[in-house]
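To start, the structure itself, in structure tokens.
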Amino acid sequence: LSSKPYADALGSSVSIDSKSKTANFVRNGKTAKVAVIFQKDIAYAPAVDVAKGLGLSAVVSGSTVTVTNPTPAAPSTAPSIQGTAQQSGGEGTLGQTYTICKGTDSAINFQITKLEYSVGNYLYDGGIKNDFLASSSKSLVIYATIQNPQSREIFLNGNNVRFSGVDSRNQNVQGDGYWYEQSSMQYVGYNLRPAQKVSIYTRMILDSGVSLPKLIVDDCNNAVWRFDLRGQIAPIPAPFADPNVPDGSSALTFFPAQFGVYYPGKTSFKMDRVEYSTAPWFDGTNPPEGGRWLVLYYTVKNITKAPIGIYGLGGLAFLDQDNISSRFSDWVYLASRDVALNVELQPNQELQLRALIEVEKGVQPKKLRFNWHDSRTAEVDISNIK
């Protein structure tokens, strides 16, 4: 179109440079610089290009040009916040195989086969080492298969697939990063051949009273796989599970125990029998005036494949007829002779011990509480023992 009449129609100004054969259209602070064609001293400008440069829209139909002013989008009332978008990825399913870091040198296949809460011994390195948790904690044990999808060997350890999660208190938790073979309990840190597959287990440490509803597996390129674990984790077994927590994720501080049954601790332990005595102790100490001794006989066993040093860390307490708890006593001795406990227990070796506590006059113990080497506290009814 003829430049000056077109500029007037658009409500813009125009300046024409005949030497460079260009025209500058200016409208509402916007400039459209276009090439023009001169015919008989009239500069003709491309209508569509001019309109576009000025933020307008032009449509040519025959000899007619229709120009419109597009309605700008209404400004968003929502603030723009950086870093709040959820990481890309997908929803994972237990039992399904996934490849993470696909197409890279870090590519690896994994499949989560089973999950369980545990308060028991965590054996590794072929059962030589025993990592027993404090009574305030439990573990989520993750069982998985790992496979090398690449055409070359890759080095395998706990960094190949990184497990994390968000617990029921909305706190981020991390896996401990250590993998062990399910069959041998040996530490995983070696080369994996192309297509070779290995079954491993690893764990996440959680507070005793929380669950893990969401598990996260990191992928490359800032992506993750998210696993909804609600109803998917095997519960803590009896007698340790808190019956008031339906999903079985919480462990009791004092669990209902029985005589003659082994329970987990630094070494396994079982309570054999309880008796009362009014005789002086071997060092000449007498029970409280008018009172007596409560003596627990128990057996400990080393279930690992390496020696374990043990010493007097057996805590004995009781609840009386008014449901008042005594203080814990740490008097522990060999059962066969009057010697304080400080021995090295060999693999599969059992050792009988005894612990004692003062019972004052007029007090009748109803429940015995026993804690062995920071284990969960066993609680057993002794109300019928006189």
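It should be emphasised that the depicted structure is a prediction, and the values quoted were computed from it without experimental measurement.
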message = Test your reading of the model: is there a side-chain donor-acceptor pair from Asp49 to the backbone of Pro46, 3.5 Å cut-off?
response = no
ask   = Stepwise, does the side chain to side chain donor-acceptor pair (under 3.5 Å) test hold for Asn24 with Thr31?
value = CA-CA 7 Å; Asn24 286 324; Thr31 301; over 6 Å; no
ask   = Can you tell if the side chain of Val166 reaches within under 4.5 Å of the side chain of Asn172, non-hydrogen atoms only?
value = yes
query = Does atom CD of Glu275 have more than 12 heavy-atom neighbours, drawn from other residues, nucleotides or ligands, at distances under 6.0 Å?
reply = yes
query = For the residue pair Trp225 and Phe163, is the inter-centroid distance of their aromatic rings smaller than 6.0 Å?
reply = no
ask   = For the residue pair Trp372 and Tyr298, is the inter-centroid distance of their aromatic rings smaller than 6.0 Å?
value = yes
ask   = For the atom pair CD (Gln147) and CD (Gln111), what is the distance rounded to the nearest 0.5 Å?
value = 10.0 Å
key: Arg376 side chain near Val119 side chain, heavy-atom distance below 4.5 Å   = yes
request  = Provide the closest heavy-atom pair for Gly177 versus Thr202 in the form atom of the first, atom of the second, distance.
outcome  = N-OG1, 4.5 Å
ask   = Taking atom CZ of Arg152 as the centre, does the number of heavy atoms from other residues, nucleotides or ligands within less than 6.0 Å exceed 12?
value = yes
Ser211 side chain vs Pro213 backbone, donor-acceptor pair below 3.5 Å = no
key: Minimum side-chain heavy-atom gap Leu229-Leu115 below 4.5 Å   = yes
inquiry  = Once rounded to the nearest 0.5 Å, what's the spacing between atom OG of Ser106 and atom CG of Asn159?
reply    = 10.5 Å
note = Interatomic distance, CD1@Ile142 vs CG@Leu212, rounded to 0.5 Å, equals 8.0 Å
key: Heavy-atom donor-acceptor pair, Asp125 side chain to Ile128 backbone, under 3.5 Å   = no
request  = Say whether Leu334 and Leu345 are linked into one hydrophobic cluster, either directly or through other cluster members, by side-chain heavy-atom distances under 4.5 angstrom.
outcome  = yes
ask   = Of Lys114, Gln182, Glu116, which is the lone residue that meets side chain to side chain donor-acceptor pair (under 3.5 Å) with Tyr143?
value = Glu116
query = Less than 4.5 Å apart, any side-chain heavy atom of Leu10 and any of Leu56?
reply = yes
request  = Indicate, with yes or no, if Val188 and Leu123 share a hydrophobic cluster defined by side-chain heavy-atom contacts under 4.5 Å among Ile, Leu, Val, Met, Phe, Trp and Tyr.
outcome  = no
query = Is a side-chain N or O of Thr299 found less than 3.5 angstrom from the main chain of Gln352, in a donor-acceptor match?
reply = no
request  = Could you walk me through whether Ser326 and Asp320 pass the side chain to side chain donor-acceptor pair (under 3.5 Å) test, one step at a time?
outcome  = CA-CA 8 Å; Ser326 71; Asp320 67 16; over 6 Å; no
ask   = Is it true that Arg230 and Asp228 have a side-chain N and a carboxylate O under 4.0 angstrom from each other?
value = yes
key: Residues Asp207 and Arg169 bridged, charged N to O under 4.0 Å   = yes
request  = For the residue pair Val261 and Lys270, establish whether any side-chain heavy-atom pair is separated by less than 4.5 Å.
outcome  = no
query = So, do Phe227 and Ile112 sit near enough that their side-chain heavy atoms are less than 4.5 Å apart?
reply = yes
query = Of all heavy-atom pairs between Ala144 and Thr113, which one has the smallest distance, and what is that distance?
reply = N-OG1, 3.8 Å
ask   = Are Asp218 and Arg162 close enough for a salt bridge, meaning some N to O gap below 4.0 Å?
value = no
key: Minimum heavy-atom distance between Ser2 and Ile42, given as atom pair plus value   = OG-CG2, 3.5 Å
inquiry  = Could you measure the distance from the CD1 atom of Ile205 to the OG atom of Ser136? Nearest 0.5 Å is fine.
reply    = 10.5 Å
inquiry  = With a 3.5 Å distance limit and no angle check, can you tell me whether Tyr6 reaches the backbone of Ala47 through a side-chain donor-acceptor pair?
reply    = yes
Name every donor-acceptor pair, under 3.5 Å, that has one atom in a side chain of residues 357-370 and the other anywhere in the protein, sequence neighbours excluded.
unit_1, atom_1, unit_2, atom_2, d
Gln364, OE1, Arg292, NH2, 3.1
Arg369, NE, Glu379, OE2, 2.6
Arg369, NH2, Glu379, OE2, 3.0

ask   = Which one of Tyr187, Tyr180, Trp179 satisfies the ring-ring contact (aromatic ring centres under 6.0 Å, His included) criterion with Tyr124?
value = Tyr180
query = Is it the case that more than 12 heavy atoms not belonging to Glu344 sit under 6.0 Å from its CD atom?
reply = yes
query = Taking the six-membered ring of Phe132, is the NZ or CZ of Lys266 close enough (under 6.0 Å from the centre) and on axis enough (within 45°)?
reply = no
message = Does Val300 form a side chain to side chain contact (heavy atoms under 4.5 Å, CB included) with Leu353? I'd like the steps, not just the answer.
response = CA-CA 8 Å; Val300 297; Leu353 306 172; 4.0 Å; yes
request  = Could you pull out all residues at least two apart from Asp17 that satisfy salt bridge (Lys or Arg N to Asp or Glu O under 4.0 Å)?
outcome  = none
task = Identify the two heavy atoms, one from Ala45 and one from Val50, that lie closest to each other, and give their separation to 0.1 Å.
result = CB-CG2, 4.0 Å
query = Salt bridge or not for Arg354 and Asp338, using N-O below 4.0 Å?
reply = yes
task = Verify side chain to side chain contact (heavy atoms under 4.5 Å, CB included) between Ile16 and Phe38, making sure each step is shown before the conclusion.
result = CA-CA 11 Å; Ile16 300 172; Phe38 286 92; 3.7 Å; yes
ask   = Do Leu351 and Val343 come close enough that some side-chain heavy atom pair is under 4.5 Å?
value = yes
inquiry  = Run Leu296 and Phe318 through side chain to side chain contact (heavy atoms under 4.5 Å, CB included) and show every step you take.
reply    = CA-CA 11 Å; Leu296 168 68; Phe318 60 84; over 6 Å; no
task = Please report the closest heavy-atom contact between Pro264 and Ser375, naming both atoms and the distance.
result = O-CB, 3.6 Å
ask   = Between Asn148 (side chain) and Leu192 (backbone), is there a donor-acceptor pair under 3.5 Å?
value = yes
key: Pairs where residues 98-169 contributes a residue and the test disulfide bond (SG atoms under 2.5 Å apart) is met, not counting sequence neighbours   = Cys101-Cys220
key: Straight-line distance of Phe25 CZ to Ser12 OG, nearest 0.5 Å   = 6.0 Å
query = Which atom pair, heavy atoms only, marks the closest approach of Ser13 to Ala7?
reply = C-CB, 4.4 Å
query = Met185 versus Tyr201: any side-chain heavy-atom pair under 4.5 Å?
reply = yes
key: Sole candidate of Asn302, Asn121, Thr304 that passes side chain to side chain donor-acceptor pair (under 3.5 Å) when paired with Asn130   = Asn121
task = Mind checking the CZ-CD1 spacing from Phe259 to Ile385? Nearest 0.5 Å is all I need.
result = 4.5 Å
request  = Mind running side chain to side chain contact (heavy atoms under 4.5 Å, CB included) on Val14 and Lys4 for me, showing each step along the way?
outcome  = CA-CA 7 Å; Val14 63; Lys4 289 184 177 180; 4.0 Å; yes
task = Verify the ring-centre separation between Phe255 and Tyr263: is it less than 6.0 angstrom?
result = yes
request  = Would you check if the side chain of Lys214 reaches a backbone N or O of Ser164 as a donor-acceptor pair within less than 3.5 Å?
outcome  = no
ask   = Is it true that a side-chain atom of Lys305 and a backbone atom of Gly126 form a donor plus acceptor pair closer than 3.5 Å?
value = yes
